[in-house]
Amino acid sequence: MIGWPITFSIKQLSCKLMVLALGLLIVSCGEQDSPPKSETKAVVKVTADLVLKNAKIYTLNWPDPDEDGQPSAYAPYNQKGWHPDATTIAISEGKIIYVGDGDELTSLIDESTQQLDLQGATVIPGLVDSHVHVAELGEILRRVNLIDVQTPQQAIERAKVFETQLSQGEWLIGQGWDEGAWATNYPNRQLLDAAFPDRPVVFKSLHGFAIWTNSKALQMIGINEKSQAPVGGEIVLDEQFNPTGIFLNNATNLIKDGIPKTTAAEFEQFIADGLAKMARDGYVSVHQAGAATEHMNAFEKLRAENRLPIRVYAMLSARDKSLADKWVKKGPYTDPQGWLDIRSVKAYYDGALGSRGARLLEPYSDLPDHKGVSGDGYGFDGEIVKELMKSGFQVGIHAIGDAGNRETLDYLQSVYNEYPLAKNNRHRIEHAQVISEQDIPRLAKMSIVASMEPPHAVEDKTWAETRLGSDRIKGAYAWRSLRQANVALTFNSDLPGSDHNIFYGLHSAITRQDKNSQPENGWYPEQSMTAEEALRGYTIWATYSAFREEQTGVLANGRWADITVLDIDPLQVGETQPQKLLDGKVLMTIVNGKIVYQSQK
Ligand SMILES: [Zn+2]
């Protein structure tokens, strides 16, 4: 099933096919840097399966803005700001066959063509989230969300609504009630029993220090009045010395260990649900940052059964030694249809900044003598990553601290020295969160892509400076400095760590403000992106980081018909009233020419 990477250029192939078969105005078949090309004549009649009309289309098929964000001279941009560069797109067999203002369209339409009037909605190249953990997203969707419930009764009401999607006997698991707020008056199992007499119910608390269960769950796990709490834990008892259904601290493990383990079928369902959610949220592709054997089994099965709703770029987990060994021998795989590419590897070099695990060159500003951990100390296996790079894989290395980033660059350079060809594989630093000024140019020189999360800047701002101090913070989340040094960027959410809502991502990148528009002028606003740069970060730049910029990422003839439709114009609104971005909605997602999501209005 798995073959070798395609070695010919899809760009050239698709251009030629388009010229021969369609002979329409070929705007550009992939060259980002060239102005529109000339017209050719039709030879064979091709009919569109789907036409999108009356749209505000931004093809993004013009060159990148300069390093300060100034749009290219070819961009549909003037003193009045942004304006769409097309109104109509026609699609046939998964590819775009026409983009323009509707002239010449009639020759592509017959009674079999589905025509959609988009009534002025905005059309952009399909969104890509280039760093996700999609199984976790799917798993959360199978749990009752108890965040912000005020009373136990409210928790039960939410669970009752949720229960309708569960099968008979399936465990009802929730998460998010506030153990701090309810600590003076915990609820009991009888409350849950009244609502759920026959189904095992487990509600985990917000911070994981408490669990509330019903009697059915206790019975199935085998907990009764004789059960002993482990050291550091408490089974809360009633006046008759029976468990009340509340477990505290280490005693929560009695319940966690008793919940049925996830089966392969359930795991596959988590992945399918997570991907379906991403389709609903406007994404046409995700990069799974760390795909272990169980992920790969699920992805490959869904691919074989044609059940992937969106495209997947699987970054193999370097921590899964047997999987890594297997792929060292096989080498990278590029899916001819682009549904499941397996040509990248995810590794971890250091920890996170919030928990002070990220490796810094100098001690933490708020913890003297502590510099964090990295490399061997963080389980980075330089040997297996080198073998994979040698075998042709791209590697995406998680690096957060300035030392973590420098050591990662040193490591990659050492591999380049041994295997110069490895430099061609667009290696990525995942997060690239804090970088010493002197290391920034090295990323460009080493052709490394900085894979970054705009939401992290606005979520971490309250404590990041405490960790780093006023000097080092200038090299943190430094998108503009990276662009000015000619470093390629890709933007993503690291979901479920951050909300993957595209409007939140764009808003974070453009304003450097949180959802409440704080701080007033943005946090280190000199590092902000323009609306165009933000949008490119989630489209064409993201496709570059996965070697797919010649098949997708812009809307042009011959490209995959991967399209997102929005109810607001992210360029006009993003430039003039970025706060309003947060009100935006995804109206439609099209992958490979098929509508995989359409809003109900
Ligand atoms: Zn991640």
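Each ligand, and each atom within it, is numbered from 1 in the order the structure gives. The figures that follow rest on heavy atoms only: side chains count, while hydrogens, waters and symmetry mates do not. All values reported here derive from a predicted model rather than from experimental measurement.
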ring-ring contact (aromatic ring centres under 6.0 Å, His included) against Trp479, all qualifying residues, sequence neighbours excluded:
Phe491

Have a look at Glu430 and tell me which of Lys346, His131, His287 forms a side chain to side chain donor-acceptor pair (under 3.5 Å) with it.
His131

Do the side-chain N and O atoms of Tyr416 and Lys423 include a donor-acceptor pair separated by under 3.5 angstrom?
no

The Zn ion (ligand 1): protein N, O or S atoms [distance under 2.8 Å]:
His131 NE2, His133 NE2, Asp494 OD1

If you measure only the distance, is there a donor-acceptor pair under 3.5 Å linking the side chains of Glu533 and Thr530?
yes

Name all pairs fulfilling the side-chain hydrogen bond (donor to acceptor under 3.5 Å, both in side chains) condition that reach into residues 380-389, sequence neighbours left out, sorted by first residue then second.
Lys386-Glu418

Mind jotting down which residue pairs meet the ring pair (Phe, Tyr, Trp, His ring centres under 6.0 Å) criterion with at least one end in residues 349-390? Sequence neighbours excluded, please.
Tyr349-Phe380, Tyr364-His370, Phe380-Tyr411

